[in-house]
Structure formats: structure tokens, C-alpha cells
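Both counts, for ligands and for their atoms, begin at 1 and track the order of listing. A quick note: this is a predicted structure, and the numbers were derived from the prediction, not measured.
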Amino acid sequence: MTGYRILHVAAEVTPLMKTGGLADVAQALPGALRALGHDARVLMPGYGGALKRARAVGEVRLVAHWGSARLLETELEGGCPLWLYETPEFAQRGEYPFGDAAGVPWADNAERFDEFARVAVALADDALGLGWRADVVHGHDWHAGLVPVHLQLARVPAASVFTIHNLAYPGLFDLATRARLGLPGWLEHWQALEFRELLSFIKGGLVFSDRVTTVSETYAGEICTPDRGEGLDGVLAARGADLVGIVNGIDTQAWDPAADPQVPVSFDADEPMGKAQARRALLAETDLEAGADVPVVAYVGRLAQQKGVDTLLAALDGIVDLPAVLIVLGAGEPALERGLAQAMERRPDRVRATIGFDEGFAHRLYAGADMLIVPSHFEPCGLSQLNAMRYGTIPVVHRTGGLAETVVDASETARADGSATGFQFDELTPEAVVAALARAYALFGEPERWRDLMVSAMRRDSSWSRSARAYGALYDEALDTRRRRLPP
Ligand code: ADP
Ligand code: GLC
């Protein structure tokens, strides 16, 4: 494998803008590819909030401008070059990349992300004269769905890879959008961008890229079925071997219990005892009381239908009566936010809900909790369970998607051979959630066995290195395909 020039195109990148796991992947994967010798770079929109943060951490240089649009350049920690495409419209979005504070999508999303894709293609082809041309353009989620479309329309020879982080967000617009964006009529076809009489941006990625990936092997299988295919299972199944699952990793430097500036104590698999202190600090911070025999159960995540927070709320009494305390960190749907606030009012001795996005508190929660509950209806990969394991917090997860693949259930055999890292449950019902936590609770009552489980969870290799190599091999294949498709 030789080193390739790879342009990652993503709508959010940690730490400049993050609403979920996509941002973490768009930051960590390019870094891991660079460590393998590739010249990976990232392009994201220059929202006002992102620019403010970029300027607070380092130099931001202007590298090109045309009309009121500007291309700015900075570096991610570790040195990966990051381009920000700034226009007055993106700048105006401030802290809200996709919709307003109430969650209503911005009315100009189609225009903005079409424009973003065109800029990605211009960059990949060095139309801006920066002296860099991409071998591979790697787009993420619907926001980058039109990248492979514009690559083909512009006959740019770079290979294209498209990653589905979540098929439930397809980027749908009315069909009239097609002409408004100046896209050719033939794209309005079911074998192109048309989807149930709408224009689907994600289909651009699924149909026109040289390779399609998603973020776990299990989810790659699930999305080829009507159950999880969101109506696109036929399109995906038709890609055959071009669709692959490559499981996510995490940035093990940013998520490191031995050196985490957000956490008051340090610990690791060799010295796990510091975790007890992190737990005490967390209880003090949240003003909760829990004896050593009462586990601290955490939930960290978007408050969205996907995440099963409705089931968590229905299971709440059963959970706190185990007994356990429950600490929730999340933001999202107002009804779920209200439900959590009410749960806290009802059980102030056992429940805390922090509504909002708070990276520092997330770190302290992963560090101080004993268990992490992940009741997602579906989960393409999930990063919260990986973060939790790294800090010796035992994930209790619904057996679906990436959760099924990354957490090894603590059956007797798995505990005996040291592979166990958490608990899984099959059905997503309040009863099953409580029963799974009760299984964890029973083991929690046996401190030595619990410590063994903690240590094997902490020893799990969640780094990006293996998956980055898998992407490298996929780029080889995508480039091969592209070369064969090029006109003589
Ligand atoms: P998704 O991408 O579907 O939201 P993931 O589990 O892949 O789910 O990634 C979520 C990421 O966002 C994790 O790094 C998690 O710690 C973080 N996160 C989610 N909600 C919050 C929040 N309210 N405050 C801080 N971090 C959060
Ligand atoms: C999506 C998925 C999540 C995944 C993340 C990063 O937001 O919901 O499961 O971990 O993307 O790939």
C-alpha cells in the first residue's frame, strides 16, 4: 500500500463542531490514516461557532477566496490539515450546523450542502490552485452525498468512498430542488437521486461512489434488510461487495483515563484503583449519594428516538430500585428532555439529568460511572460504549448494530477466557433493560470479579489502527475501480 492523498468531507469535526459520533470519526480517522503514511486532510463548513473555536486554539489562514466565499486552513491536534469553507450563510449558522435551536432544519440545507460538495470537488481537483490534488475523496453522511455526483459530472478522476454513519438521516428535499441546484434532469431517476418522489442526497453517495462503507459489519448487514434499510435496502444490496462494514475506533489519546485533563484523577488497566476516586468526584459533582454497593449507571447521548430514551424512561423505577443511581447527559427532543427533568423531580435522591452538550462532563461521567446503559433501537456503531470501556465503565447494551459487535457479553465462558467486556440484551423493553442491569448488578456485588471485567473492558483495543488499515486497503480497491472506469 502506498500513501494516498485523501480528502475527507464531513459536516462536523471534533473539536470545532460536534453533534454526535460523526465529528469524532472525522477527526480521528484522518489522523490514523496519516500515521499510516497517507496524506489525509479534512474539509468542513466554516460555521461561525466552528471558526470561533478554531481561532481560539490556533492560527487560521486564508488560502483562497471568490465572491463572498472563503477557504480557510488550520490544523487539527496532531497536525492534520483542515480546510473550512466559509460563506456568510454557513457563518450565520453559528452553533447550529443543521437546524435551528428547536431542531427545525435550515431551509437552505440543500443549497448549502450542494455548494459544499462542489467545493470539495474543486479542492480534490486543485481547481483552486493550492498545489494539492486528491487521489481519493471520502465523504461522510448525506451532507457529503453529492460529492461523488459532482466528481462524475466534472469528470474528476479521483476515486470516491462514501461512509454511511446513519441511514436514518437521508437528506431528503422536494424534486424541484434538483433544477434549482442546476443538476441535470437524468439524476431525477430511481437509479440515481430520486427516492419516493423526493430528491435524496444520501443516494448520491450510495449510487455514485466507487465504494460504500458503514461503521460496523453488523450494521452493513442490517441495512440490506427491509427492517433497517430505510427503503434503501434494495439499492444497498445491489452494490454487493462494494458495500463493506469497517468498525469505528476512538481517539485513544483524547479518551485516556491515564491522562485526561477533564478528569480529576488518573487510572488505567494496570492501576484501576483511581476509578473509585473518579466515582466519588462524580457523585460530589452531581450531589448524589451512593454507597459502594449501589452502582452509578450513566447514559450519554443524543436524546433522539433512535437512542431508546423512551424505553429508558419507562425502565427508570426498576433501575433505581435495583438499587442504583442514574446520571443522564444528553440533549435533543424536547419531550425526552421534559421526561428526564420530570424523572429527576420524582426521584431526586437517585436521578440526575444534565440537559445540554458538555464534553468535559461526558469525560467525567465515563470515568466515574460503574455502568453505561445503551438502549438504542438501532446503532450503526456507537462510540459511547467504546469511550466507557476505555474508562472501565461496563456497557449494558441492546444487541444491535455496532453494539452487538463491540461489546462481549459477560457469559460465564467469556468471563472465564477473559474476553467479556459488558452485558447485552436482546429485546428492547423496559423489563429487558432492568433485567440486564440486574445481571450487571449481581456481578457488581462481587468486587473481584467486577474488577476483572473492568480490566478486560479497559484492555479492549478500541484504537483506530486496525480499521484505518482496512480503509487503506479499500482505497486501493476504489482506485483500481476508478482506473478501470476512466476513459482512455
Ligand atoms: P451518535 O453519533 O449517534 O450520536 P455515538 O455513540 O456514535 O452516537 O457518538 C456520540 C458521541 O457524542 C460520543 O462521543 C458521546 O460521548 C458524545 N455525546 C453525545 N451526547 C453528548 C452530550 N450531551 N454531551 C457531551 N457529549 C455527548
Ligand atoms: C452515527 C451513528 C453512530 C456512529 C456514529 C459515528 O451518528 O448513529 O452509531 O457511531 O455515527 O460513526
| task | Assert yes or no for the condition that the ring centre distance of Tyr441 to Trp450 is strictly below 6.0 Å. | result | no
| remark: When rounded to the nearest 0.5 Å, the distance separating CD1 of Ile202 from OH of Tyr169 is 11.5 Å
| said: Students should be able to answer this: which protein heavy-atom is nearest to atom 19 (C) of ligand 1, and at what distance? | reply: Gly301 CA, 3.7 Å
| query | Looking at Val25, which atoms of ligand 2 are within less than 4.0 Å of one of its heavy atoms? | reply | 6 (C), 12 (O)
| Is there side-chain contact between Met389 and Arg459, with heavy atoms separated by less than 4.5 Å? | no
| field | For ligand 2, the portion of Leu22 having any non-hydrogen atom under 4.0 Å away | value | backbone
| task | Say whether Val215, considering both its backbone and side-chain N or O atoms, lies within less than 3.5 Å of an N or O atom on ligand 2. | result | no
| For ligand 1, which atoms sit closer than 4.0 Å to a heavy atom of Arg302? | 1 (P), 3 (O), 4 (O), 20 (N)
| message | Can you confirm, on distance only, whether ligand 1 has an N/O atom lying under 3.5 Å from any N/O atom belonging to Lys18? | response | yes
| request: Among all protein heavy atoms, pick the one closest to atom 24 (N) of ligand 1 and tell me residue, atom and distance. | output: Asp358 N, 3.0 Å
| said: Does only the side chain of Asp24 get under 4.0 Å from ligand 1, or the backbone, or both, or neither? Count heavy atoms. | reply: side chain
| Which option, Gly356, Gly360, Ala331, owns the non-hydrogen atom nearest atom 23 (N) of ligand 1? | Gly356
| pair Val244-Ile246: side-chain heavy atoms closer than 4.5 Å | yes
| task | Find all atoms of ligand 1 within a distance of less than 4.0 Å from any non-hydrogen atom belonging to Gly330, and give their numbers and elements. | result | 23 (N)
| query | Counting only heavy atoms, which portion of Asn248 has something under 4.0 Å from ligand 1: side chain, backbone, both, or neither? | reply | neither
| remark: Quick note on ligand 2: atoms under 4.0 Å from a heavy atom of Glu379 include exactly 2 (C), 3 (C), 8 (O), 9 (O)
| said: With a 4.5 Å cut-off on side-chain heavy atoms, are His377 and Gln305 touching? | reply: yes
| query | Any idea which protein heavy atom is nearest atom 8 (O) of ligand 1, and the distance to it? | reply | Lys307 NZ, 3.1 Å
| When you measure from atom 18 (N) of ligand 1 to each heavy atom in Tyr366, Phe357, Tyr169, Trp255, which option holds the nearest one? | Phe357
| Short N or O distance, Ser384 and ligand 1, threshold 3.5 Å exclusive | yes
| said: Considering Asn166, Leu29, Asn248, Leu386 one by one, which has a heavy atom nearer to atom 6 (C) of ligand 2 than any of the others? | reply: Asn248
| query | What protein heavy atom sits nearest atom 7 (O) of ligand 1, and how far away is it? | reply | Leu383 N, 3.2 Å
| Taking N or O atoms only and a 3.5 Å limit, does Gln306 qualify as a polar contact for ligand 2? | yes
| request: Considering heavy atoms of the protein only, find what lies nearest to atom 10 (C) of ligand 1 and give residue, atom and distance to 0.1 Å. | output: Gly21 N, 3.6 Å
| query | Considering only heavy atoms, does Asp24 approach ligand 2 within less than 4.0 Å through its side chain, its backbone, both, or neither? | reply | neither
| Heavy atom of Gly382 under 4.0 Å from ligand 2? | yes
| query | For atom 12 (O) of ligand 2, what is the nearest protein heavy atom, given as residue, atom name and distance? | reply | His165 ND1, 2.6 Å
| message | Rounded at 0.5 Å granularity, tell me how far SG in Cys381 sits from CG in Leu22. | response | 12.5 Å
| field | Atom indices of ligand 1 within 4.0 angstrom of Asn387 heavy atoms, with elements | value | 13 (C), 14 (O), 16 (O)
| field | Heavy-atom neighbours of Glu77 CD exceed 12 at 6.0 Å | value | no
